[in-house]
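Only one structure is covered here, and it is reproduced in the block below.
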Amino acid sequence: MSSAGSAGKFRGVTKNEIADTLHEIATLLELKGENPFKVRAYQAGARTLEAIEESELAGLIAEKRLESIKGIGEALAQKIAELHATGRLEFLAKLRASVEPGLLQMLEVPGLGPKKIKALHERLGLRTLAELTAACTDGRVAALDGFGEKSQQKILEGIRNREAYGKRHLWWDAEAVAAPIVAGLRALSQVTRAESAGSLRRGLETVGDLDFLVAASEVGPVMDWFCTRPGVKEVTARGETKASVRFESGLQADLRIVPAEQFVFALHHFTGSKDHNVQMRQRALARGLSMSEWGLVPAAGEGTAKGKAEKLKAEKLKSEGSAPAVGPEIQTEAELFGALGLRSIPPELREGLGEIEAAEAGELPRLVELADLRGAFHNHTTASDGRSTLAEMAAAAAALGWEYLGIADHSKSSFQANGLNEERLAAQVAEIRALNAARPHALRVFTGTECDILPDGRLDFDDATLATLDYVVASVHSAFAQDEAVMTARIIRALEHPRVTMLGHLTGRLLLRREPYRVNAGKVIDAAIAHGVIIELNASPMRLDMDWRHWRKAAERGLICSINPDAHDTAGLAYVRAGINAARKGWLTPAHILNTRPLAEVAARLAGKAGKRRD
Ligand code: DGT
Ligand code: CA
Ligand code: CA
Ligand code: ZN
């Protein structure tokens, strides 16, 4: 996921953004084979920043006290101050430019770190991904010291995945590009309506390209504005009413400009999905209507819908701006659905998975909304691998208007994530109790853990330790290669544990980066329902796990969902928005979701679970 956008006016940098920059410098220095002490100094500096409070940083810089902190020398302090003041670092720009672009691309291959890339470069002379692919294919990589057959295979797979994944983008990243463009389009004087359509509007977890739709009185200035957005690397097409651009990130975007009276038909068409559109068109035909992106008109007695649409298109082109009959009384999508005897179908449901039948029967669900959330579970702090302190996380949650926040730092077996042992967990519980007692804001913090499910299905903490907590998220973080039967049995064994409140990220997938581990979702869902265990909808934009495609059926059978941001800093709490998209795509209503419930109800439910028996 890309970090905060760099375009536009400088608006201040957070300590975590500075830490990211220091990590990047360390990686680049390592790639260049710089002194390991220097590399480690940057890594240590980054970790030091991650552990302090956001509010401390400005003071430390102003009073030149950064240098006095363990792990931050004078050179580093200077760079941090420069980044903090300007958002830029000359040193980093030069460093990036001094590394071959092919080596930077290799950093994006999973399993390839700077040390290995340096070895490949120096010992095999590899400079590009294509050369690396060739060297893997003919066995030169496997023959290298420290690599071997297995790691050669993994690198090759990583390169292939990167190509396949490179074609799509996380919804979160795509939305960050799209939102200011829609706002900018709406602000243009020639524009009367502007929306994003396509998979972005449907809230799909990944997006192929952006689709903007505009109704405008004049085309030229709108096209000019669109084609000159910051970050546009190439204008790939520009016609009378349509333009396509490619951004530096590789993301592409289409803009279509239509007359106002066609807007709603085009919006519906370009929102899709294709399956939904096909079904809608069939429904229209059955009612003697022909539906297309240009309008809804009586179907001609003869010919197919396609023939009719082509004819309409020809008419449209001939009549230069003046549209064919499109039913001018239809202005909104609700009216368009109404014309076909349907309740209005929210974009997230338009996947051709039964939404039209439900709309006809008046059985569309009242989908959960962001405003329904009253809190969130499964959040990390600086105690494990988070980058905001407990106090910062609680204050940020209170500022969102939430009634409660669940903390769940990693457990001891997740040593790579600085997991807590029993002693540190006890200290954190005491800290949370003190915070709740002091009540600096009207927010209740729940004590929890993201407890590792060990390879055999046992939990990482014993029962007495788990009994000190308000809730337990159980997650798999190791032995991903187990076969499906073993993994499924492992997870189910954890769900049978009476202290487990909810299951974390069912499949461990990282969208566009790491495949899910093998697990039988149906069996896990059955077990969760049987044992009264919640399954989380991990709302991190790169997880969105359990997948929305499972939720409708599972919730109908009684499974409860928790939309969990898995936030590692205060900004990460906002990920619940991505979780809401996925929940809506899974037909979930507020009643299906734990964290729409008021504090008292949630506290009672957790107490029931934490009590000596299951209900
Ligand atoms: P993406 O970009 O791959 O994430 O997915 P979409 O859904 O945004 O697809 P895109 O950008 O190719 O087209 C936007 C919408 O336009 C799509 O959801 C439905 C509509 N559309 C495009 N091509 C066709 C088509 O051949 N038939 C039908 N029925 N609809 C189409
Ligand atoms: Ca699209
Ligand atoms: Ca498109
Ligand atoms: Zn986890």
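This one's a predicted model, so the numbers in the text were calculated from it and none came from an experiment. Just follow the structure's listing: the first ligand is 1, and inside any ligand the first atom is 1. In what follows, every heavy atom counts, from backbone to side chain, and hydrogens, waters and symmetry copies are set aside.
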Can you check side chain to side chain donor-acceptor pair (under 3.5 Å) on His378 and His505, steps first, answer last? CA-CA 11 Å; His378 189 172; His505 42 69; 5.5 Å; no
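Contacts of Arg458 classified as side-chain contact (heavy atoms from CB on, under 4.5 Å), with partners at least two apart in sequence or in another chain: Leu454, Asp456, Arg493. Checked against side-chain contact (heavy atoms from CB on, under 4.5 Å), Ala489 has no partners two or more places apart in sequence or in another chain.
The atom of Asp254 that is an N, O or S and sits closest to the Ca ion (ligand 3) is OD2. Within Asp211, the N, O or S atom at minimum distance from the Ca ion (ligand 3) carries the name OD1. Between the Zn ion (ligand 4) and the N, O or S atoms of Glu450, the shortest distance is to OE2.
With the Zn ion (ligand 4) as vertex, His505 NE2 and His477 NE2 subtend 90°, rounded to 10°.
With hydrogens and angles ignored, the 3.5 Å screen pairs no side-chain donor or acceptor of Asp547 with any backbone N or O of His550.
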